[in-house]
Asks: 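This is the structure I have questions about; it appears just below.
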Amino acid sequence: MYLNNPNITLPENPNTIVWKYLDLSKFLDLLISRKLFMSRSDKFEDQYEGTFSEPTFEEIKRLSENNTTFLNYYKSHREKVVISSWHINEYESFAMWQIFTQNSEGLAIQSTVGRLQKALAFEKESQQFIGEVNYIDYKKEYIPFDDLFFPFLFKRKSFQYEREVRILSDLSEQEIKINDGLKIDIDINELIEKIYIHPKSENWYKKLVIELVSKLGFDFEIEKSDLESDILI
């Protein structure tokens, strides 16, 4: 279930558009299972994920000088936090297509912040929060640690292009074994507003996606991205 946290920043307009770029296999897994995969925070490619900036780390070391369990908790906590990442943008992103899809056979789910919030109401076993990521200089800027979610809502400035909003869940108090991540129940029809097909894909691929979606009992609006449409000259 989605819960509001007054300390977590989120776009005020619930109609703010968000995107998820993924390959066909992951998309079909989402539709078939009707569950959203959330990755364990320490399994992301960015090794700084869920860690602290240098000024914050120095303060934590000082506070934990006579209490090593304090620092060890923060290290192990990364294994219990799961994340689903979305990209804020009014329009499609050419860069996101390049980074998150391969071989011109990917898709993009278009949704909104409000839809994410409503879609999460289906999940009853765990609590989810949604927050916008802050991009900072990890050598100079301070990350507060009065809230256990805060290190997961900060990234290095070199990732600013991601313009990321995250669904987060802390499973520290649950007896759940997490390997690479876990799936949570989601209202698929609420989650997905529209589907875009990779701009470099062939027509047969679009027809295949439409047929598969229909056979699975969904009727989403599906169209091919026009980022590679013919130029007018």
Side-chain angles (χ1 to χ4, degrees), residues 1-3 17-45 49-50 78-88 96-97 99-131 152 162 164-198 201 204-225:
M1 70 189 75
Y2 167 72
L3 295 178
I17 297 174
V18 295
W19 303 79
K20 192 166 195 64
Y21 295 80
L22 67 173
D23 59 34
L24 181 59
S25 59
K26 291 180 180 178
F27 175 68
L28 291 177
D29 181 64
L30 171 67
L31 297 191
I32 293 170
S33 67
R34 294 178 180 261
K35 292 178 180 289
L36 177 68
F37 178 76
M38 298 183 69
S39 177
R40 210 172 84 176
S41 70
D42 62 338
K43 296 294 185 179
F44 282 85
E45 288 187 16
E49 193 68 56
R78 298 171 67 200
E79 301 175 4
K80 292 293 187 178
V81 173
V82 292
I83 296 169
S84 174
S85 300
W86 295 73
H87 171 67
I88 300 176
M96 294 295 108
W97 279 119
I99 295 168
F100 292 104
T101 63
Q102 299 177 352
N103 302 323
S104 71
E105 294 186 3
L107 308 101
I109 296 172
Q110 179 185 310
S111 189
T112 65
V113 169
R115 279 179 170 270
L116 293 185
Q117 292 171 323
K118 292 177 182 177
L120 291 169
F122 257 46
E123 170 61 25
K124 304 299 182 185
E125 298 300 319
S126 59
Q127 300 174 343
Q128 284 74 45
F129 299 85
I130 303 175
F152 304 99
E162 292 182 346
E164 190 177 348
V165 63
R166 297 181 149 183
I167 302 172
L168 306 110
S169 188
D170 183 356
L171 306 173
S172 298
E173 297 182 3
Q174 297 189 39
E175 295 297 324
I176 300 176
K177 184 178 180 180
I178 308 170
N179 293 317
D180 292 333
L182 85 163
K183 295 178 180 179
I184 62 169
D185 292 324
I186 198 85
D187 184 339
I188 300 294
N189 289 301
E190 191 67 62
L191 179 74
I192 299 175
E193 183 170 18
K194 194 173 182 178
I195 297 167
Y196 284 82
I197 307 295
H198 197 288
S201 64
W204 67 265
Y205 183 72
K206 177 182 176 181
K207 292 178 181 177
L208 173 65
V209 172
I210 291 174
E211 183 178 353
L212 289 171
V213 169
S214 177
K215 285 186 175 181
L216 290 172
F218 299 99
D219 61 350
F220 306 119
E221 182 179 352
I222 302 173
E223 68 176 58
K224 182 178 177 180
S225 165

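Treat the numbers as computed from the prediction; the structure is a model and nothing was measured.
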Asks: With sequence neighbours left out, what residues match Lys35 under side-chain hydrogen bond (donor to acceptor under 3.5 Å, both in side chains)?
Replies: Asp185
Asks: The criterion is side-chain hydrogen bond (donor to acceptor under 3.5 Å, both in side chains); which residues satisfy it with Asn189, sequence neighbours excluded?
Replies: none
Asks: Test of understanding: with salt bridge (charged side-chain N to carboxylate O under 4.0 Å, His left out), list the residues that count as partners of Lys194, not counting sequence neighbours.
Replies: Glu221, Glu223
Asks: Considering residues at least two apart in sequence or located in another chain, which fulfil the salt bridge (charged side-chain N to carboxylate O under 4.0 Å, His left out) criterion with Asp170?
Replies: none
Asks: For Ser39, give me all partners under side-chain contact (heavy atoms from CB on, under 4.5 Å), at least two apart in sequence or on another chain.
Replies: Phe37, Lys43, Phe44
Asks: Which pairs, with at least one residue in residues 119-131 and sequence neighbours excluded, count as a salt bridge (Lys or Arg N to Asp or Glu O under 4.0 Å)?
Replies: none
Asks: By side-chain hydrogen bond (donor to acceptor under 3.5 Å, both in side chains), which residues pair with Glu190, not counting sequence neighbours?
Replies: none
Asks: Please list, chain by chain and in numerical order, all residues satisfying salt bridge (charged side-chain N to carboxylate O under 4.0 Å, His left out) with Asp29, sequence neighbours excluded.
Replies: Lys183
Asks: According to ring-ring contact (aromatic ring centres under 6.0 Å, His included), who are the partners of Tyr196, at least two apart in sequence or on a separate chain?
Replies: Trp19
Asks: How would you list, by chain and number, every residue that makes a ring-ring contact (aromatic ring centres under 6.0 Å, His included) with Phe218, sequence neighbours excluded?
Replies: Phe220
Asks: Which residues satisfy the salt bridge (charged side-chain N to carboxylate O under 4.0 Å, His left out) test with Arg78, sequence neighbours excluded?
Replies: none
Asks: What residues, two or more places apart in sequence or in another chain, satisfy ring-ring contact (aromatic ring centres under 6.0 Å, His included) together with Trp86?
Replies: none
